[in-house]
Amino acid sequence: MIELLKVNARLPLASIAKALGCARSTAQLRLKALEATGVITGYTVSVASTRGSNVIRAMVLMSIDTQNEADVIKALSKRHEITKLYTVSGRYDLCALLLTESTQELDAVIDKIRMVKGCGIPSRPFS
């Protein structure tokens with residue numbers, strides 16, 4: 001069931017039951033059990049990229065104030081240009097993967113990230 005839902009989370013229960021060779025009510029009970037036990041924690045939507053072929057992909061490393069970590073992550077998660085956000089260990093605390101259509105847009109996004117309270121991006125190249 002999980003493999004079916006990974007391919008299409010909107011698959012109708014009747015189709016799931018048919019694929020599993022069981023009654024719809026049985027499939028529904030299994031699904032509810034997977035949700036109740038926390039095996040399935042939610043459903044999501046995959047969106048095709050609407051960006052052109054000239055997309056700029058960037059990794060931005062940040063240091064954050066641990067007291068503001070939750071607020072920083074919440075603020076960064078709202079930016080549509082940030083496609084992934086990872087915690088990392090070492091000199092930096094977060095790594096954001098960005099998609100922009102121009103270097104000007106990339107610079108603007110980085111400037112906005114710098115304005116997030118508790119978030120710091122190095123302003124000079126790595127040494």
Side-chain angles (χ1 to χ4, degrees):
M1 180 179 289
I2 292 172
E3 292 305 316
L4 292 170
L5 291 171
K6 282 182 183 178
V7 174
N8 182 1
R10 294 180 49 139
L11 198 61
L13 253 141
S15 299
I16 294 171
K18 184 177 180 181
L20 297 176
C22 66
R24 183 186 179 286
S25 59
T26 303
Q28 186 171 13
L29 287 172
R30 288 182 188 171
L31 182 60
K32 286 191 182 287
L34 290 170
E35 292 171 342
T37 58
V39 174
I40 295 177
T41 58
Y43 300 88
T44 187
V45 173
S46 295
V47 179
S49 175
T50 58
R51 303 205 179 248
S53 60
N54 295 330
V55 67
I56 295 174
R57 299 175 195 276
M59 294 175 71
V60 177
L61 296 170
M62 296 164 260
S63 297
I64 59 171
D65 178 4
T66 55
Q67 294 175 344
N68 297 329
E69 180 177 2
D71 293 333
V72 168
I73 291 172
K74 185 176 179 181
L76 295 177
S77 297
K78 292 179 182 179
R79 300 238 31 110
H80 72 276
E81 303 91 351
I82 298 176
T83 60
K84 301 277 184 184
L85 190 59
Y86 299 101
T87 58
V88 294
S89 62
R91 184 174 177 185
Y92 297 98
D93 304 303
L94 291 177
C95 175
L97 299 181
L98 278 66
L99 289 180
T100 62
E101 294 186 21
S102 68
T103 55
Q104 293 83 6
E105 183 184 359
L106 177 61
D107 289 341
V109 172
I110 290 172
D111 288 342
K112 290 176 183 172
I113 291 172
R114 281 191 175 109
M115 290 189 280
V116 173
K117 182 181 177 185
C119 183
I121 299 174
S123 57
R124 57 180 169 70
F126 296 104
S127 52

Roughly how far, to the nearest 0.5 Å, is CG of Asn8 from CD of Glu3? 13.5 Å

Pair Lys32 + Glu35, salt bridge at N-O below 4.0 Å: no

Can you name the salt bridge (charged side-chain N to carboxylate O under 4.0 Å, His left out) partners of Arg79, sequence neighbours left out? Glu81

Measure the spacing between CG of Leu76 and CG of Asp71 and express it to the nearest 0.5 Å. 10.5 Å

If you compare all heavy atoms of Glu101 against all heavy atoms of Ile56, which two are closest, and at what distance to 0.1 Å? C-CD1, 4.4 Å

Work out which heavy atom in Val116 is nearest to a heavy atom in Ala75; give both atom names and the distance. CG1-CB, 4.0 Å

So, taking the atom named CG in Leu98 and the one named NZ in Lys84, what distance separates them when rounded to the nearest 0.5 Å? 13.5 Å

Test log, rule side chain to side chain contact (heavy atoms under 4.5 Å, CB included), inputs Leu94 and Thr87: CA-CA 4 Å; Leu94 291 177; Thr87 58; 3.7 Å; yes

Who clusters with Met1? Use side-chain heavy atoms, under 4.5 angstrom, across I, L, V, M, F, W and Y, and order the result by chain and number. Ile2, Leu4, Leu5, Leu11, Leu13, Ile16, Leu20, Leu31, Leu34, Val39, Ile40, Tyr43

To the nearest 0.5 Å, atom OG1 of Thr103 lies from atom CG of Asp107 at 6.0 Å

With sequence neighbours left out, what residues match Lys117 under salt bridge (charged side-chain N to carboxylate O under 4.0 Å, His left out)? none

Nearest atoms (heavy-atom pairs only) where Gly118 meets Asn68: CA-ND2, 3.6 Å

Do Ile82 and Leu97 have side chains that get closer than 4.5 Å, going by heavy atoms? no

Which atom names give the shortest non-hydrogen contact between Cys95 and Val88, and what distance separates them? CB-CG1, 4.1 Å

Which atom names give the shortest non-hydrogen contact between Ser63 and Asp93, and what distance separates them? CA-OD2, 3.4 Å

Which heavy atom in Val60 sits nearest to a heavy atom in Met62, and how many Å separate them? O-CE, 3.6 Å

